[in-house]
Amino acid sequence: MKHYSITVTELYDNELKQLTIYGIEYSNGERKLVITDITEDYKRLKRLVDLCNELELEVSQLNDVVEDFLSE
């Protein structure tokens, strides 16, 4: 069962250029956690989300996984 998905936020920078920023959402019907504004790299974040679902990552580990992702 997939609990992780990608969120999309549309922002504008100081020069009014549109930016698309992706985040991760966890939802299992009872609990929901959203971490927004992680990256502009959809493909890289998609691989992470797919891996989280494949490994059935515990939501309690999500913040650490995102920190590691950002430090790469």
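All values below were derived from every heavy atom in this structure, side-chain atoms included, with hydrogens, water molecules and symmetry-related copies excluded.
Two residues are said to be in side-chain contact when any heavy atoms from C-beta on lie closer than 4.5 Å; K46 and I6 meet this criterion. A 4.5 Å side-chain heavy-atom check between T20 and T9 finds every atom pair outside the cut-off. Residues L57 and V65 form a side-chain contact, since some pair of their non-hydrogen atoms from C-beta on lies under 4.5 Å apart. With contacts defined as side-chain heavy-atom distances shorter than 4.5 Å, the pair V49/I24 qualifies.
A distance of 12.5 Å separates OH of Y4 from CG of L45, quoted to the nearest 0.5 Å. Atom CG of L51 is separated from atom CG of N53 by 9.0 Å, given to the nearest 0.5 angstrom. Summarising the geometry, atom CG belonging to L62 is positioned 6.0 Å from atom SG belonging to C52; distances are rounded to the nearest 0.5 Å. Within the model, atoms CD of E72 and CG of L48 stand 8.5 Å from one another, a figure rounded to the nearest 0.5 Å. Put simply, CD on E25 and OG1 on T7 are 7.0 Å apart, with the number rounded to the nearest 0.5 Å. Distance check: D13 CG to L19 CG gives 5.0 Å after rounding to the nearest 0.5 Å.
A cation-pi arrangement is absent between R47 and F69 under the rule of less than 6.0 angstrom and at most 45 degrees off the ring axis.
Aromatic ring orientation, H3 versus Y26: tilted (interplanar angle from 30° to 60°).
Here the shortest heavy-atom pairing between K32 and V34 reads CE-CG2, 4.0 Å.
With hydrophobic clusters built from ILVMFWY side chains whose heavy atoms lie under 4.5 angstrom apart, I21 does not share a cluster with I35. Connection of L70 to L33 is established within a shared hydrophobic cluster, with ILVMFWY side chains joined at heavy-atom distances below 4.5 Å, either directly or through further cluster members.
More than 12 heavy atoms of other residues, nucleotides or ligands sit less than 6.0 Å from atom CD of Q61.
In terms of modelled atom types and a separation under 3.5 Å, the side chain of Y22 and the main chain of K43 share no donor-acceptor contact.
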